[in-house]
Protein chains: 2
Amino acid sequence: MLMTDMTVSELGRRTGTTADTIRYYQRIGLLPDVARSPAGYRLFTDSDVERLAFIKRAQRFGLQLDQISELLGVRDRGLCPCGHTRELLTGRLEELDEQLESLSRLRADIEHLLQGDSPSEADDAWPCGSGLIEIGARPKGGRK
Amino acid sequence: MLMTDMTVSELGRRTGTTADTIRYYQRIGLLPDVARSPAGYRLFTDSDVERLAFIKRAQRFGLQLDQISELLGVRDRGLCPCGHTRELLTGRLEELDEQLESLSRLRADIEHLLQGDSPSEADDAWPCGSGLIEIGARPKGGRK
DNA sequence: ATAAGGGTTGGAGTTGACTCCAATGTCAAG
DNA sequence: CTTGACATTGGAGTCAACTCCAACCCTTAT
């Protein structure tokens, strides 16, 4: 086993992914089956780091895993961005421009919210209500 | 009922949402309960259009519904972007910048893919394999 | 040699965000 | 006054993308 090889959780650490997610990606074919150590441990290489980084970028780009899978197929074969795949990508690029547009509007909304009436550095001085505002814990009841 | 009032599907049409989704948003408290016609039909107003547009923008911004709910609470009360909420927003803004960065890298990847070896206007001239590349239909087997 | 902390599997469960349904009521047009 | 396209409800189902689990195996430090 080469020095550059790494286990599943090491790959996770380097890419900000969990071991479970990586194994999941292998199950659905997004990541290839890789070499194994004598004990059966997966041995990933730098190319897997690269591939996973590509996947994460593509996800942020707004593509779904099956679309990314398709893209990787094209990438792997180093050719054939044919009709359908072209449309997927150029279409996504266009959508993205719209999104950037609408995003800058939200950014304005948010700047407005952030400034509002709040005194500059009195973060904790505000009455935040009860534990009402609890990110992560779903309100379930919802606020009306 | 004022001229500006509209039914659930009209609101949907104006915002690119389905009636079901709008009712769902009401269930979870993202949209307020609104006035009803004598027959019990929901009567939405322009302010609901605005609110729903805000929600969609926030979604594109990458926020989840419960975070948006929180944001709307702040917006409704017109104040208190206190510690926690501030962090949510500024944090998201920072992440966004990273995303834009990583996005431009993917854009480069994609430009590369799009150009590749393909002759300029021979879109349909490429051997796309079988029906292998089928967006929308999950491969299930995955390509390995 | 044993305990802590990794790894393996197949399969089941969870989460977020819808999406659909049946049964029923309402409204405008012909 | 019926037909068709809307509306109402509560609850169940779907989908993508994880996330967790039990029951096991491997490695390293004490």
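Everything numeric here is computed off the predicted structure, so don't read it as measured data.
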Q: Determine the minimum heavy-atom distance between B/Q59 and B/L65, stating which atoms define it.
A: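 So the two residues come closest at NE2-CD2, 3.7 Å.
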
Q: For B/D33 and D/dT9, give me the distance from atom CG to atom C1', rounded to whole Å.
A: 14 Å

Q: Please encode protein proximity along nucleotides 19-25 of chain C as a string of B, S and -, counting only heavy-atom distances under 4.0 Å.
A: BB----B

Q: With a 4.0 Å limit, can you tell me whether B/R23 has a side-chain N or O closer than that to the phosphate oxygens OP1/OP2 of D/dT9?
A: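 For D/dT9, neither OP1 nor OP2 has a side-chain N or O of B/R23 closer than 4.0 Å.
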
Q: Heavy atoms only: give me the nearest A/I22-A/V8 pair and the separation to one decimal.
A: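 So the two residues come closest at CD1-O, 3.5 Å.
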
Q: Nearest heavy atom decides the nucleotide; on that basis, is B/Q64 or A/F44 closer to the 5' end of DNA chain C?
A: A/F44

Q: Does the side chain of A/Y25 get closer than 4.0 angstrom to OP1 or OP2 of D/dA17 through an N or O atom?
A: no

Q: In this structure, how many angstroms lie between the P atom of C/dC18 and the CG atom of B/L31, rounded?
A: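 Answer to the nearest Å: 11 Å.
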
Q: Excluding sequence neighbours, so at least two apart, what forms side-chain hydrogen bond (donor to acceptor under 3.5 Å, both in side chains) with B/R36?
A: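 Scan of B/R36 (side-chain hydrogen bond (donor to acceptor under 3.5 Å, both in side chains), adjacent residues dropped) gives none.
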
Q: Taking all heavy atoms of B/D33 and all of B/Q26, pick out the closest pair and write down the distance.
A: CA-NE2, 4.0 Å

Q: Among C/dG7, D/dA7, C/dC18, which is the nearest nucleotide to the side chain of B/S9?
A: D/dA7

Q: Does the distance from a Lys or Arg side-chain N to an Asp or Glu carboxylate O, for A/R51 and A/D48, drop under 4.0 Å?
A: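 Salt bridge: no.
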
Q: Atom CZ of B/R13 and atom C1' of D/dA7: how far apart are they, to the nearest Å?
A: 13 Å

Q: Reckon A/R42 touches a base, only the sugar-phosphate, or nothing at all at heavy-atom distances under 4.0 Å?
A: sugar-phosphate

Q: Mind checking if B/Q59 touches a base, just sugar-phosphate, or nothing, with heavy atoms under 4.0 Å?
A: sugar-phosphate

Q: Look only at the side chain of B/K56 and the backbone of B/T17, and say whether a donor-acceptor pair between them is shorter than 3.5 Å.
A: no

Q: Quick one: B/Q26 CD to D/dA7 P, roughly how many Å, whole number?
A: 13 Å

Q: Expressed as a whole number of angstroms, how long is the span from B/D5:CG to D/dA7:C1'?
A: 15 Å

Q: Using a strict 4.0 Å threshold on nitrogen-to-oxygen distance, state whether A/D46 and A/R14 make a salt bridge.
A: yes

